[in-house]
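Within every chain, numbering begins at 1; the chains are lettered A, B, ... in the order of the sequence lines, protein sequences first and strands thereafter.
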Protein chains: 2
Amino acid sequence: MAGHMDAPQARTIKEIAAVAGVSKSTVSRVLNDTPGVSPKARELVLSVIARTGYQPNRAARTLVTRTTGSIGLVVSEPHGRILSDPFFASMVRGATQVVRPLGIHLVLMLAEDQHARDQLLDYLRRGHVDGVLLVSTHAADPLPRILVAERLPAVLSGRPVGRLPISYVDVDSVAGAGLAVEHLVSRGCRRIATIAGPQDMPAGQDRLRGWRKALLARGLPADRELVAYGDFDRGSGARAMEELLARGVDFDGVFVASDLMALDVLAVLREHALRVPEDVGVVGFDDSVAATQARPALTTVRQPVEEMAKALTLSLLDRIGDPDAPITSRIFPPKLIPRST
Amino acid sequence: MAGHMDAPQARTIKEIAAVAGVSKSTVSRVLNDTPGVSPKARELVLSVIARTGYQPNRAARTLVTRTTGSIGLVVSEPHGRILSDPFFASMVRGATQVVRPLGIHLVLMLAEDQHARDQLLDYLRRGHVDGVLLVSTHAADPLPRILVAERLPAVLSGRPVGRLPISYVDVDSVAGAGLAVEHLVSRGCRRIATIAGPQDMPAGQDRLRGWRKALLARGLPADRELVAYGDFDRGSGARAMEELLARGVDFDGVFVASDLMALDVLAVLREHALRVPEDVGVVGFDDSVAATQARPALTTVRQPVEEMAKALTLSLLDRIGDPDAPITSRIFPPKLIPRST
DNA sequence: TTGTAAGCGTTATCAC
DNA sequence: GTGATAACGCTTACAA
């Protein structure tokens, strides 16, 4: 029992070296898995390290290696709105899972406006993080281009607009919309309306395109009349639904391009005493707890956000390790989650 | 024009010193506002710094000062659930506003489970951040005690359970519940039910207590029959409402102890064709965009989360500056936000 | 395979 | 008031 008392609580590499009876360099080599250290010495050092609970000093390391051992999760969204989105929570979880076992830390940073963006860039240029996971959904966001131009290691969540040499992950929104439409068709729907997202976001464009494509493939109508636009925000879903109703559009199913918008659609329909079956036409692309957990009355198309975040983080680490690593993009298939009950 | 070209882009204190024709020490003194440097020298150095866009190296600084220039925002919640709460977004915003102009960085950290908590503690013990803003709502959370015991600079969002020498901010939940009840009474309600929060959280306890207190002060009934319990989660609000209805409780107003729970309450009432006036009895304590923004049909009691976060951050900075700074607690008054429309 | 020594960019302690 | 100079804890040539 008393043996536990004598753990020396070493704080520096020098102390470890002293206890192990080797030099600082050898300890450092062991720490960094540098080849060229005898198994015997390695074992010895390792045991001392384990016994003392020693952890290398980050600052000293950073000073010489010029790397920080942390990466940034940058949310480039006006208002930090996305923070309250379950999508974001999943991103954080996924990234954390990759990064934690590596001893790398995740730093959250917001870039809501021009001012914040400038400060952020400053921060990045000073090399305070080794790289950046960029969550940016708006086409007008200048950050992706800037990061690429300045050669700051960065990867993107969501397809970038235009051609940009940057790795990214995305969900196959076209296919996802297709899943939703197929589901509706299988439930007997023949006139399927859609509440589309903003057309200045790739996600908004793709989901509308997917809806149209799937309908045309089925020989079903996909005219402009069946479309109402929202902005992916919750309130806009209800408004778009009202608009559709006000226009007197004839439909028997609805595909809503985000679960946040979908949240109140059923209520609106109910208020108008409409009998669109409850298990049709409501699709969430945002991995939203809101839609699937709180209100399981909705069928949703779920994107594997957490998995995507993991892949994205890995690709960032690749890039950090080798700045000339090839650009990669992975498109994930979404999954249809039928409503419970 | 050409003049802009010769900005030397100095990267070290040494270069600044060379350009300014002074020693490293003098530059350092200027940088740290150390007294004992002539106005002339100071001006000179300052101008060179401005011209070159020099920024001191964080790692080198940390190595010698043992401070990191960043603070952690720790979310100690199973599942990182709180991440998707607008409450959290407001916290981040508030803290960022305080910290940004000071050049201090905010690091987000999750402590969802035992494993994560251990890693976090390790991280903190190694001094990777100078202090911690702890967001912890569950009474059973061991983190507050541990941080206090280990003398890690930390402050708390929300009243700690038991006596704990730690600074915190909180909202006056008792008064908030009172506001809600008074509002209901002024709208003519006389039998006011409540959907209470979990009683293992201070917030849950206080809001129930405030409801009871306000009713008794008015001479109105506050019996156990009028109470149903939820867990602050969205779904639980609707369930509690159903329970109240199933029990055949007679009421003409409802005070719901969180806006997340309140979100579906109106819908439930409507489904049961009940005529509780829409502008009564729905109270959000979580600064929830969900309740006030998306569904402005609810009257809510709003807590000034952003303001609270600012105060909390300031008190942490105090504490970091002086580990023996007095413990402070600030209780913020909530505000009644009548429903729009 | 191992050790010695020279930095990395600051701050801090001295003399001057 | 100012300037050498020694840390801070680590990595990394370069020697041995």
Kindly compute the distance separating [atom1] ([X]) from [atom2] ([Y]), expressed to the nearest 0.5 Å.
| X | Y | atom1 | atom2 | value |
| --- | --- | --- | --- | --- |
| B:Met91 | B:Thr96 | CE | OG1 | 10.0 Å |
| B:Ile166 | B:Arg319 | CD1 | CZ | 8.0 Å |
| A:Asp130 | A:Leu124 | CG | CG | 11.0 Å |

Nearest whole Å is fine: how far is [N] [atom2] from [X] [atom1]?
| X | N | atom1 | atom2 | answer |
| --- | --- | --- | --- | --- |
| A:Glu43 | C:dT2 | CD | C1' | 17 Å |
| A:Lys14 | C:dG3 | NZ | P | 15 Å |
| B:Arg61 | C:dT10 | CZ | P | 8 Å |
| A:Arg42 | C:dT2 | CZ | P | 10 Å |
| A:Ile13 | C:dG3 | CD1 | P | 13 Å |
| B:Ile49 | C:dT10 | CD1 | C1' | 13 Å |
| A:Leu63 | C:dG9 | CG | C1' | 5 Å |
| B:Ile16 | C:dT11 | CD1 | P | 12 Å |

Next on the checklist: Using only atom types and a distance under 3.5 Å, with no angle test, would you say the side chain of A:Thr62 pairs donor to acceptor with the backbone of A:Thr67?
Outcome noted: yes
Show which side-chain atoms of residues 33-45 of chain B pair as donor or acceptor with protein atoms under 3.5 Å away, not counting sequence neighbours.
| residue | atom | partner | partner atom | Å |
| --- | --- | --- | --- | --- |
| B:Asp33 | OD1 | B:Arg42 | NH2 | 3.4 |
| B:Ser38 | OG | B:Ala41 | N | 3.2 |

Item to check | Shortest non-hydrogen contact between A:Arg330 and A:Ala311, atoms and distance | outcome: NH1-CB, 3.8 Å
Next on the checklist: Using 30° and 60° as the class boundaries, would you call the ring planes of B:His128 and B:Tyr123 parallel, tilted or perpendicular?
Outcome noted: parallel
Checklist outcome for this item: By nearest-nucleotide position on DNA chain D, the 5'-leaning member of B:Thr26 and A:Thr12 is B:Thr26
Next on the checklist: Both A:Ala59 and B:Ala41 contact DNA chain D. Which one's nearest nucleotide lies toward the 5' end?
Outcome noted: B:Ala41
Produce the list of close N/O pairs, under 3.5 Å, pairing protein atoms with atoms of nucleotides 12-14 of chain C; give distances to one decimal.
none

Checklist entry - Should the heavy atoms of other residues, nucleotides or ligands under 6.0 Å from CZ of A:Arg145 be counted, would the total exceed 12? => result no
Next on the checklist: Is there a side-chain contact between B:Tyr54 and the phosphate of C:dT10, meaning an N or O under 4.0 Å from OP1 or OP2?
Outcome noted: yes
Checklist entry - Between A:Asp324 and A:Arg151, is there a side-chain N and carboxylate O pair less than 4.0 Å apart? => result yes
Item to check | Span of DNA chain D in contact with chain B (heavy atoms, under 4.0 Å) | outcome: D:dG1 to D:dG9
